[in-house]
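Structure first, commentary second.
In this text the structure is predicted, and so the values were computed from the model without any measurement. Quick note on labels: first sequence line is chain A, next is B, and so on, each numbered from 1.
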Amino acid sequence: MAKVRLPQGKLLEAAGVSLEELLLKQGLTGEVVGALYDGELHDIRDPLPTDGEVRALTLSDPEALEILRHTAAHVLAQAVLRLFPGTKLAIGPAIADGFYYDFEFPESISHEDLPEIEEEMKRIVAADYPVERVFLPREEAIGLYRERGEAYKLELLSEIPDERISFYKQGEFMDLCRGPHLPSTGLVKHFKLLDLAGAYWRGDSTRVMLTRIYGTAFASAEALEQHLRWREEARRRDHRRLGPELDLFSIHNDTIGAGLVLWHPKGARVRHEIESFWKERHFAAGYQLVYTPHIGRARLWQRSGHLDFYREGMYAPMDIEGQEFFIKPMNCPFHIAIYKSRTRSYRDLPIKYAELGTVYRYERSGVLHGLLRVRGFTQDDAHIICRPDQVEAEIRKVLRFALEILRAFGFSDFSAHLSTRPAKYVGTPEAWDLATAALRRAIEAEGLDYDVREGEGAFYGPKIDLDIEDSLRRSWQLTTIQFDFNLPERFDMTYIGEDGREHRPYMIHRALLGSLERFFGILIEHYGGAFPVWLAPVQAAVLPITEEQIPYAEEVAERLRTAGLRAEAWTRGGKTLRYLIREAQLQKIPYMLVCGAREAEAGKAALRLRTGEDLGALDLEEIIARIRDRVQRKTPEL
RNA sequence: GCCGGCGUAGCUCAGCAGGCAGAGCAGCGGUUUCGUAAACCGCAGGUCGGAGGUUCGACUCCUCUCGCCGGCUCCA
């Protein structure tokens, strides 16, 4: 007997029926849209399990969103078939925050067609068609799709082993589908079509390009509104918009090259602060800073294996006095060369080389995206070289270190992924096991949520990836901690052990921020361009009310700069205070020091915060102490 | 790379039935000397992304090309 928990908490016992039948028998209808058991979503028309606990879901359960969106995708497909007869259907799943359906249209459509499709969808919702589940024998299903010329559906069918094929039907529309679905189309009340994009059939660039329509659906109008507001906020915070607006960076495809970033003075100042903090923390954590060249001979990349395994990510060689050189896609071979420059003792380990190393990798033009996907970038790279008995402690340290650094930048929600040994790998299973266990224990010691990606590790070693969640609740993968059993072999890295013999060290690659370019892009969006005081390129703007106060404003700015703060006196003259304040607000400068005749007289400044708060006239020492305090604590407070 | 959309002044955008290319902001010059998110007047600024075609005439229509944006992982 299965125990069925209803939305109001009531428990029912059931056997041999579906949830739908059970509810009908009880005279309970309408509200329940799906079931959750064995950790999976199920259709209310599915037979219930023979035992265990079943949760009946209503639209107000977050788990039911996936069902709602899947049905919304069907409504979309139904509307499209009505408006564009002859359209072929591909797939239409629910995704992270919405749904899509891939179509092959007889003629291409554009954004302008979306409202019309949306209108038709509304009619389908208003008609409130019951959604029925139908099973067809395999042959009949194939016959049906042959007749309609639905090549994509036929291909999908050919991969389904079952003899009874599951279909869902609503009104005149019927689609091959595993489900689950809502009981009727009338429940899809709050949806919106969002985007139109090309998408390869099955994500394979050698196959045809279909037209994908994206949409989203929610259980309530408020939730839909909220989601649309978030999209709008994300658009407003787009680093590609804020970058030029705040004069942080620029990218010039036509003159300089795609995916190559120019850091303007203000962006460079933010980067400098990030780098200074990074270096200081790394020294404190026992890392040694190194610098290595941008190019190296072909034989180096031959030995490292990059030319065999990574060539498509590398730029063409250059000829220097008859020898081939490659621009570096990674820093590791250079760090290894430093390690190998002398004989290492077990007493020397662990050795941790850190470098803000600029690398260049080929990315297809279409995937380049602002600072987030570029061709030239600076990794915050380090290699930890240690003995087997140090692995555990070093992994713990590096994970804890990563979290400490990320927290300083205002990130507090983390999740981890542990990727384990794939089918093809180098190194011994024992080494993999030791490394994987160390990674797992480190994650658990930090109390992080994590999932295990079985077999997803690189061929050369297992790894931990850390995702952070930003202020718009989007997640980004930043930190990666990877074992490497390949390069120490290839370069024959050794140390002399207590026994006087050569041993192979363990090597761990790690990047905490990933790349400075990408991290900067994420930071810009996370803060919406309003950096915390310690990172703000300009911390204080000193604003004279009339030209009379220009000398005083300059003096005030100078005082702040002498105190180690980043202050500018805005002394161009002829501008009203209102104008200057608006400028400073748009530049998202944390502090505005207003200097009028009264302040100049008293040796003070009126402090206005970026939040709009006016703190009135304060002594300069008080202002300096306040700003320094915020810088020192790296707090977002002003 | 591929599909769809978009390229007009440094930025944001208007314009077109095919008939002299426009506005605001920014810049420059001047006037104003101002108390918490845009003072006022003036000046300058353009191969309408590029090339070709149709036409008496193209920013406008057609073809090609370059660039940008959305997407190409989510699996009936």
Using the C1' atom as the point on both nucleotides, what is the distance between B/rG1 and B/rG10, in whole Å? 32 Å

Would you mind classifying the nucleic acid contact of A/R241 as base, sugar-phosphate or nothing, using non-hydrogen atoms under 4.0 angstrom? nothing

Considering only the C1' atoms, how many Å lie between B/rG27 and B/rA9, rounded to the nearest integer? 11 Å

How about A/Y450 and A/H417: are their ring centroids closer than 6.0 Å? no

Rounded C1' spacing from B/rC6 to B/rU12 in Å: 15 Å

Does the side chain of A/Y579 get closer than 4.0 angstrom to OP1 or OP2 of B/rA26 through an N or O atom? yes

Please determine whether a side-chain nitrogen or oxygen atom of A/T576 lies at a distance below 4.0 Å from atom OP1 or OP2 of B/rA39. yes

To the nearest 0.5 Å, what is the distance between CG (A/L593) and CD1 (A/I623)? 4.5 Å

Distance check: side-chain N/O of A/Y214 vs OP1/OP2 of B/rC72, anything under 4.0 Å? yes

Determine: side-chain N/O of A/R240 to OP1/OP2 of B/rG70, distance under 4.0 Å, yes or no. yes

Are A/W476 and A/F519 an aromatic pair by the rule of ring centers under 6.0 Å? no

Quick one: is A/R212 getting a side-chain N or O under 4.0 Å of the B/rU73 phosphate, OP1 or OP2? no

